Protein chains: 2
Amino acid sequence: MTPVNALKRIHLFSSLSDQDCEQLSKLLRLQTLHKGEVLFRRGDEGATFYMILSGQIKISVSKRDHQMTLAILGRDEFLGEMALLDGQPRSADAVATEQSCLYALNRKDFLSFLMTSEHAIHAVLSALSIRLRKTDNQLTEMYFLNVHARLGKKLVELIESRPSHVKNDPDHILNITQDELGHLVGVSRESINKALKILRKKGILSTSRNTIRIHNLDLLKQRL
Amino acid sequence: MTPVNALKRIHLFSSLSDQDCEQLSKLLRLQTLHKGEVLFRRGDEGATFYMILSGQIKISVSKRDHQMTLAILGRDEFLGEMALLDGQPRSADAVATEQSCLYALNRKDFLSFLMTSEHAIHAVLSALSIRLRKTDNQLTEMYFLNVHARLGKKLVELIESRPSHVKNDPDHILNITQDELGHLVGVSRESINKALKILRKKGILSTSRNTIRIHNLDLLKQRL
DNA sequence: GATTCTGTGTGAAATCCTTCATAGACGGAT
DNA sequence: ATCCGTCTATGAAGGATTTCACACAGAATC
């Protein structure tokens, strides 16, 4: 595939003319990350915008031996825009959870690209808006709901945001450790385990190393 | 003052030409809210953008007899943009906490105004970014910090975000109920009260109906 | 001035969740 | 085949926060 066509497959760039794409492609830097590799850390000066071509980036904040995961971003999503837009340092860590491939764009180029594309502005505004909504929601749920309810919601969210169906298998399968789930829900691993135990006893799911297998998604949903 | 000059005093519109201002002023609708009046509710269809000319709007989410305050917006700040940018319903309630005066702009006009002003785009992007950062921060603090630490931070934040100094008075004075403080910190009124008791015993502050008087801001800060 | 309302102050009991300790299971490396 | 590191499972103890109950004070209303 030509570089221009590759660019156009990315939603943020999809409305660009061939010319603009070619222009832009000269400014983009391709970056590969191994599993576990750090893209940036909280507190760093942020001068780069990233588009995820493939793989997965985890956005999280750590303190002592505790960690909270703010978001997990995948293909066609972008990150790093906050530090560029408001001039503050990175607010969280970004780490690849699997082998990942990104386009990187420096501050100046990102901002000028943004101003040339109405479509891109809309995409960024809308993405920020959705993220804000999501975090607000997480914050209120943290206050209103207990571990069981939060876990239930997160499981449903994880399943619905990913293609976790395997052919000829009625179950939904999540590949995640209970530790990681704890970071996502904002709760200790042990509490996750105990909450899972209840769902297990009701036959809603079963657990094994690195995986949660949901047998009855409807039943899980109607508990919310 | 002419309407155009009034408009230019608003940061979001400050870069507009006289012509554009005049144009815009025809689209803006002036809206007054009494204390306690509701601007919109969570779940409403959102088709309006608001700029605060004066007064104060509280953004909050309620559930049963519990409430969580997400933000308190004041003069020169705007709200309502999320529903316009991502097309989802209102994510929270907006209520005037005092007599307030707003400019309202409908969806179409807001979006087209936005696209004509590079300055406005930057202002909105930057504001969204700052809000996102703030909520992320609140979320992680909710997980990492206990009531005492969160209350301390919130008190400092409230003081630093407002002019709470009175002439010839070395103290900082906050006019807020413990109930409201609880909503802001994400904790019960009683817990706020008990946490304040400790600060009171250390001589950092004193409390009375509707007010918290901070005697020693430095001491409060160094506990964080 | 009496009454009502709203907000503060406080302790006891209950609840939710974390922390700690320990056991076992599974997979990968040697 | 064994060892080691990671992940799951679980119970006991402790801590933080909520809930509940009630007393009290000052402001607002009549």
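Chain letters run A, B, ... following the sequence lines, proteins first and then strands; every chain starts at 1. Remember, it's a predicted structure, so these values are computed and weren't measured experimentally. The figures that follow rest on heavy atoms only: side chains count, while hydrogens, waters and symmetry mates do not.
Counting heavy atoms from C-beta on, the side chains of A/Y50 and A/L105 never come closer than 4.5 Å.
Nucleotide D/dT6 holds its P atom 12 Å from the NZ atom of A/K35, rounded to whole Å. Atom pair A/Y143:OH and D/dA16:C1' shows a separation of 15 Å (rounding to whole Å applied). Between the NE2 atom of A/H66 and the P atom of D/dA16 there is a distance of 13 Å, rounded to whole Å. Between A/N175 atom CG and D/dC7 atom P the separation is 13 Å, expressed in whole Å. For the pair A/L181 CG and D/dT6 C1', the interatomic distance rounds to 17 Å; values are reported in whole Å. Atom CG of A/D179 and atom P of D/dT6 are 11 Å apart (whole Å). We find that CZ of B/R150 is positioned 11 Å from C1' of D/dA16, with the value rounded to whole Å. Look at CD1 on B/I198: it is 10 Å from P on D/dT17, rounded to the nearest Å.
Within residues 187-196 of chain A, the residues that have a heavy atom under 4.0 Å from DNA chain C are, in order of number, A/V187, A/S188, A/E190, A/S191, A/K194.
A donor-acceptor pair is defined here as one N or O able to donate and one able to accept, closer than 3.5 Å; such a pair exists between the side chain of A/E37 and the backbone of A/H34. A donor-acceptor distance shorter than 3.5 angstrom exists from the side chain of B/R150 to the backbone of B/V185, with no hydrogens or angles considered. No donor-acceptor pair closer than 3.5 Å links the side chain of B/S60 to the backbone N or O of B/T69. When atom types are taken as modelled, the side chain of B/S100 and the backbone of B/E98 share a donor-acceptor pair closer than 3.5 angstrom.
Both the sub-6.0 Å distance and the 45° axial angle are satisfied by B/R131 relative to the ring of B/F78.
Using a 4.0 Å cut-off between charged side-chain N and carboxylate O, B/E81 and B/R107 make no salt bridge. Under the 4.0 Å criterion applied to side-chain N and carboxylate O atoms, B/D93 and B/R41 are assigned as salt-bridge partners. A salt bridge does not link A/R90 with A/E45: none of the charged nitrogens is closer than 4.0 Å to a carboxylate oxygen.
Not one side-chain nitrogen or oxygen of A/K201 sits closer than 4.0 Å to the OP1 or OP2 atom of D/dT10. One finds no side-chain N or O of B/H148 lying less than 4.0 angstrom from the OP1 or OP2 phosphate oxygen of D/dG15. OP1 or OP2 of D/dT10 lies within a sub-4.0 Å distance of a side-chain N or O belonging to A/R200.
In 5' to 3' order, the nucleotides of DNA chain C bounding all contacts with chain B (an atom under 4.0 Å from a heavy atom) are C/dT6 to C/dA12.
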